Amino acid sequence: MEDEEEVRLEVDAVQAVYGDDCCLIDEFPPHLTVHIVPRTAEDSSQQFVEAIVGIRTSAQYPKEPAQVYVIESKGLDVSRQKYLITRMRQKALELDGCLMIVALCEEAVEVLSGMNHPEGDCPLCLYPFFPENANLTLHPFMKLMSCYHCFHSECIIRWWKWIHEEKNENEAHGMSSVGARSQRGRQPIENRHEENKGNCPVCRKEFDKKDIEHVLHYTGSNLTIQLGEETDQIEEAEKELLQSKSEDDRRKQFDELLKLQQEKNGIIEPKKDLVVQPGMYISLPTPQPATDAAAEEEQEIGAVDSRADGTEQTNEVAAPHNKQKNANVRRKHRMRGSRKQQHHPRKQWVQKEVGNSSTSEQ
Amino acid sequence: MTSSSVPSRKVLSKIASNRLQKEVMEWQTNPPAGFKYKVNDSLQRWIIEVTGAPGTLYTGETYQLQVDFPEHYPMEAPQVIFIPPAPLHPHIYSNGHICLDILYDSWSPAMTVSSVCISILSMLSSSPAKERPADNDRYVRNCRNGRSPKETRWWFHDDKV
């Protein structure tokens with residue numbers, strides 16, 4: 001019965017680790033369910049998948065491995081569910097003969113952490129969350145807390161605004177008009193009328209306004225930046241930028257710097273970096289005191305650095321829930337953030353100008 | 001807000017046309033069984049051929065669906081009608097209008113032409129009898145000046161068929 005004692009201790013350990021997420025169905029031989037979430041540092045908005053797995057042992061456990069199965073999951077399609085269960089079963093085979101419940105749960109956490117992202121296309125625009133062409137902009141996405149269905153933040157917000165505007169219109173027109181929009185407003189089944197409620201476009205499960213509040217600012221006034229449309233706008237904005245005088249000046253300066261460095265066999269690495277960094281476009285349009293001054297090498301670098309930081313920061317504010325650990329992804333985000341800002345160049349500038357002028361005064 | 005009655009008059013928004021291009025591509029690689037998209041120049045009006053599913057009252061019969069997309073598709077539902085002659089069905093009027101909640105009140109922007117087609121085929125397939133809706137004549141008379149089915153205040157009282 002030593003075994004039984006050990007097994008009971010193991011179950012205690014699982015309960016200690018998973019707390020309320022662990023639900024004991026049978027004490028002995030243990031049969032339990034564990035609510036597994038990926039590691040997201042407690043940031044639930046960053047959690048795109050979850051699963052409740054069942055672990056059942058026989059009286060022979062640990063001499064016989066535990067059985068594992070998925071009870072329910074969110075954000076996982078069939079193939080990803082299968083993958084989760086396969087990995088857990090492999091683990092069970094590996095650990096055959098040993099206590100394995102803790103290890104199985106850890107394996108599940110590991111697997112879910114590895115696939116903690118939505119798959120496929122945004123159900124609203126039908127463009128993929130992760131474009132195959134890695135050069136394309138990655139659009140920030142989010143999930144609804146109740147059902148874990150994912151959407152591009154802009155898409156869901158656009159839709160949210162649409163249904164709420166529609167509602168207002170209906171009220172204004174006293175519902176007397178006939179037409180598709182008033183029709184939808186009359187919808188009895190759903191709580192579309194309710195200011196603070198919505199229904200998931202995919203499964204119609206009700207969600208709360210606070211579910212999407214953290215991305216409402218995305219669209220704010222520049223809802224016009226839209227998928228696809230954005231490309232054209234960017235091209236234009238970029239063209240404008242690239243042909244601007246300040247950019248011309250800048251290019252000259254960099255060319256000179258580069259030449260200088262090449263002549264001196266100097267380090268060109270950091271310069272090259274600066275030239276290609278996506279976030280850099282943002283700061284270009286503003287005539288900076290630093291850039292206007294003669295090209296003094298160090299000063300130039302300093303200015304660029306501080307600007308790059310600024311970009312990063314604004315982006316963090318704009319997309320607090322879309323931080324990615326992957327550096328590449330992050331870079332893309334920054335690019336996106338910066339593009340967005342092009343629509344408010346003046347605003348941005350005012351802020352920066354203040355910062356810059358104060359530094360230059362010092 | 002006034003006239004979604006003439007959805008085809010207003011040009012598609014950029015979002016709508018991007019989304020429709022995606023749908024066309026998806027349709028081409030993975031068309032719903034029983035449907036044929038008849039290619040034409042207009043992204044805004046699709047003509048789709050439906051073939052009745054085997055083993056149903058409509059086996060082998062073909063009908064044509066006309067799908068018109070509004071400016072703000074997919075926020076707004078497309079207008080979907082059968083081009084007469086429409087199949088004889090308790091929820092399909094002789095002028096081609098279809099009484100199907102997802103085309104009106106229950107539309108969701110996550111639906112696609114393809115999913116709508118599948119719903120329509122499923123509605124056809126589950127029909128118990130080839131007959132017109134009880135109020136067919138009255139309804140069709142009321143729609144005579146080319147009214148869109150999206151203007152109808154539909155009553156969806158039967159989800160069995």
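Per chain, numbering begins at 1; letters A, B, ... match sequence-line order. Treat the numbers as computed from the prediction; the structure is a model and nothing was measured.
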Checking B:N136 now: which residues fulfil side chain to side chain donor-acceptor pair (under 3.5 Å) with it, not counting sequence neighbours? B:S94

Closest non-hydrogen atoms of B:A86 and B:F82, given as atom of the first, atom of the second and distance, are CB-CB, 3.7 Å

Residue pair B:W46 / B:D68, side-chain heavy-atom distance below 4.5 Å: no

Does the gap between the ring centers of [X] and [Y] come in under 6.0 Å?
{"X": "B:Y139", "Y": "B:H97", "result": "yes"}
{"X": "A:H152", "Y": "A:Y127", "result": "no"}
{"X": "A:F207", "Y": "A:W160", "result": "yes"}

Among residues 21-30 of chain B, which ones touch chain A with a heavy-atom distance under 4.5 Å? B:K22, B:E23

